[in-house]
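The structure appears below as structure tokens.
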Amino acid sequence: MLTPQDSVWMAQALCLAERGLYTVSPNPRVGCVLVRDGSVIGEGWHERAGEPHAEVHALQAAGVAARGATAYVTLEPCSHHGRTPPCADALIQAGVARVVVAVQDPNPQVAGQGIAKLRAAGIAVECGLMEVAARELNIGFFSRMTRGTPWARSKIAMSLDGRTALANGVSKWITGDAARQDVQHWRARSCAVLTGIGTVLADDPQLNVRSIDTSRQPLRVVVDNALRLPLDARLLQQKGVMVYTATQDTQKIAALEQAGAVVVVLPDADGQVDVNTMLHDLAAKGCNEVLVEAGSKLNGALLKAGLVDELVLYVAPQLLGDLARGMARLGELSSLEQRIELEWKDVRHVGKDLRIVARAKKG
């Protein structure tokens, strides 16, 4: 039976899991706390993909004291051999008496089997404590495992009247330094940063993580229907660039591949990149969270297709007027039933600007 003290230890495990926010992809962020006689005897978190999981770190810290202890784990212990041995087996061998799990692992290779293995070994298992928080921490991992697509998060810097640039394309800088710094955290937690060729041609961005201490850079992804990406683009100065295109132009493909990019041809029936298939492809490549940093055309295409899960809006206290460029090309709506409805998740000041996080209502 769960007690208020169990929530205290699970909250500590969730804080540990968050330490892997920028580093563990494509694996989930997991924390573990081992408690015996009311005291913590070991703790750990999954630090990097391919390295020991949270439970192993905690067990190593506890040593023989783990026998008879309670383990608080933010995600069901794995039961299969991947790049590391099963954590369920490690807990059994250590002799823990009880395991409290925040949420069942959605990975089909686990999906309740870790819990079943622990119970079969005589260990008391309780699941569901602080489940919402545990899911939120791994929202992209759950999306990839259950939907076959990453969690798509679109970042847009705009004026109070929803404009992202002047009519002539000038947009630097609508928002302030603090907002631009805040964006680095969203990039750092993402597996990929997605943009369109229009943004690349206009701004020549790098789309990498700067001023954040992380050993992992996100994949940079460009939607480029006709392969107009310049070979001297700053994106291509670093490894980890993928270009989705609708053209079969072998000469352009070869040139970009020679420059270090991976080119994937995914045309739809209209001769544009099939963005739905693209997101499935990114999930198959291990992308949990994708940050969209694009212009109104790609934002509009993704929104109209129902592929944006979350909007991160940086709203500057200024007005740019009705001739300035909008945040998304959605076309004309003939009825309110066609609108895209959102739910507020978070609103706060970031420097002089507001940051609004809103999620698309689906279903």
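A donor-acceptor contact shorter than 3.5 Å links the side chain of K252 to the backbone of A226. Proximity of a side-chain donor or acceptor of Q206 to a complementary backbone N or O of R234 within less than 3.5 Å is not detected. The backbone N or O of R48 lies less than 3.5 Å from no partner atom in the side chain of T23, so there is not a single donor-acceptor pair. Side chain of N299 to main chain of G295: a donor-acceptor pair is present (N/O by atom type, distance under 3.5 Å, no hydrogens or angles). Listed for the T245 side chain is a donor-acceptor partner under 3.5 Å among the backbone atoms of D224. Looking at E126, its side chain does come within 3.5 Å of a backbone N or O of M1 through a donor-acceptor pair. With hydrogens and angles ignored, the 3.5 Å screen pairs a side-chain donor or acceptor of R187 with a backbone N or O of N208. Between the side chain of E76 and the backbone N or O of G114 there is at least one donor-acceptor pair closer than 3.5 Å. Between the R355 side chain and the V350 main chain, no donor and acceptor come within less than 3.5 Å of each other. Remark: side-chain polar atoms of D161 are paired, donor with acceptor, to backbone N or O of G321 under 3.5 angstrom.
To the nearest 0.5 Å, atoms NE2 (H57) and CD (E51) are separated by 6.5 Å. One finds the SG atom of C32 at 6.5 Å from the CG atom of L59 (value rounded to the nearest 0.5 Å). Note that the CG atom of L207 and the CD atom of Q217 stand 10.5 Å from one another [nearest 0.5 Å]. Of the inter-residue distances, the one linking I197 atom CD1 with K297 atom NZ reads 10.5 Å to the nearest 0.5 angstrom. The distance from atom CG of L201 to atom CG of L229, rounded to the nearest 0.5 Å, is 7.5 Å. Here the CD1-CG distance, from I340 to L333, works out to 7.5 Å after rounding to the nearest 0.5 Å.
The number of heavy-atom neighbours closer than 6.0 Å to NZ of K352, taken from other residues, nucleotides and ligands shown, is above 12. Remark: D213 CG is loosely packed, at most 12 non-hydrogen atoms of other residues, nucleotides or ligands lying under 6.0 Å away. Summarising the local packing, CD of Q258 is surrounded by 12 or fewer heavy atoms from other residues, nucleotides or ligands at distances under 6.0 Å.
In terms of hydrophobic clustering, with Ile, Leu, Val, Met, Phe, Trp and Tyr side chains grouped at heavy-atom distances under 4.5 Å, L307 and L298 are assigned to a common cluster. Under a hydrophobic-cluster definition in which Ile, Leu, Val, Met, Phe, Trp and Tyr are linked whenever side-chain heavy atoms come within less than 4.5 Å, directly or via other members, L194 and W186 are assigned to different clusters. The hydrophobic cluster containing Y72 does not contain V30, counting ILVMFWY residues as joined when their side-chain heavy atoms lie under 4.5 angstrom apart, directly or transitively. Linking Ile, Leu, Val, Met, Phe, Trp and Tyr whenever their side-chain heavy atoms come within less than 4.5 Å puts M327 and V347 in one cluster. V100 and V8 fall into different hydrophobic clusters, where Ile, Leu, Val, Met, Phe, Trp and Tyr are joined by side-chain heavy atoms under 4.5 Å apart, directly or via other members.
In this structure, I174 and A165 approach most closely via the heavy-atom pair CD1-N, 3.9 Å. The shortest heavy-atom contact between A49 and V24 is CB-O, 3.6 Å. Residues Q93 and R67 approach most closely at O-NH2, 3.8 Å, considering heavy atoms. Contact record, N288 with S25: ND2-OG, 4.1 Å, taken as the closest heavy-atom pair. Of all the heavy atoms in A134 and V103, the pair that sits closest is CB-CG1, 3.8 Å. Of all heavy-atom pairs between V33 and W9, the closest is CG2-O, 4.0 Å.
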Task: S159/L319 under side-chain contact (heavy atoms from CB on, under 4.5 Å): CA gap, chis, key distance, verdict - done: CA-CA 6 Å; S159 62; L319 303 172; 5.9 Å; no
Task: Stepwise side-chain contact (heavy atoms from CB on, under 4.5 Å) check, S143 with T149 - done: CA-CA 6 Å; S143 176; T149 57; 4.0 Å; yes
Open item on the list: What verdict does the side-chain contact (heavy atoms from CB on, under 4.5 Å) test give for L311 and I356, after you've listed the backbone C-alpha separation in whole Å, the side-chain angles of each residue and the deciding distance to 0.1 Å?
Closed with: CA-CA 8 Å; L311 292 169; I356 300 172; over 6 Å; no
- [ ] Begin with the C-alpha distance, continue with both residues' side-chain angles, and end with the deciding distance and a verdict on side-chain contact (heavy atoms from CB on, under 4.5 Å) for C127 and I115.
- [x] CA-CA 9 Å; C127 186; I115 291 173; 4.0 Å; yes
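Within the 4.5 Å cutoff, no side-chain heavy atoms of L291 are placed close to those of P218. Side-chain contact between N107 and F141: present, with at least one pair of heavy atoms (C-beta onward) separated by less than 4.5 Å. By the 4.5 Å heavy-atom criterion applied to side chains, E293 and P205 are not counted as neighbours. No side-chain heavy atom of R180 sits under 4.5 Å from any side-chain heavy atom of Y314. Using a 4.5 Å cut-off on side-chain heavy atoms (C-beta onward), L75 and F142 make contact. Annotation: side chain of D309 is in contact with side chain of R147 (closest heavy-atom distance under 4.5 Å). Side-chain contact check for Q12 versus C15: every heavy-atom pair is 4.5 Å or farther apart. Looking at V292 and K155, their side chains never come closer than 4.5 Å, going by heavy atoms from C-beta outward.
When each of R189, R216, H185 is paired with Y22, the side chain to side chain donor-acceptor pair (under 3.5 Å) condition holds for H185 and for no other.
Under 4.0 Å is where a charged nitrogen must lie from a carboxylate oxygen, and between E343 and R359 no such pair does. Remark: D6 engages R98 in a salt bridge, criterion side-chain N to carboxylate O under 4.0 Å. Ion pairing between R348 and D182 fails under the 4.0 Å rule for side-chain N and carboxylate O. Under the 4.0 Å criterion applied to side-chain N and carboxylate O atoms, E43 and R19 are not assigned as salt-bridge partners.
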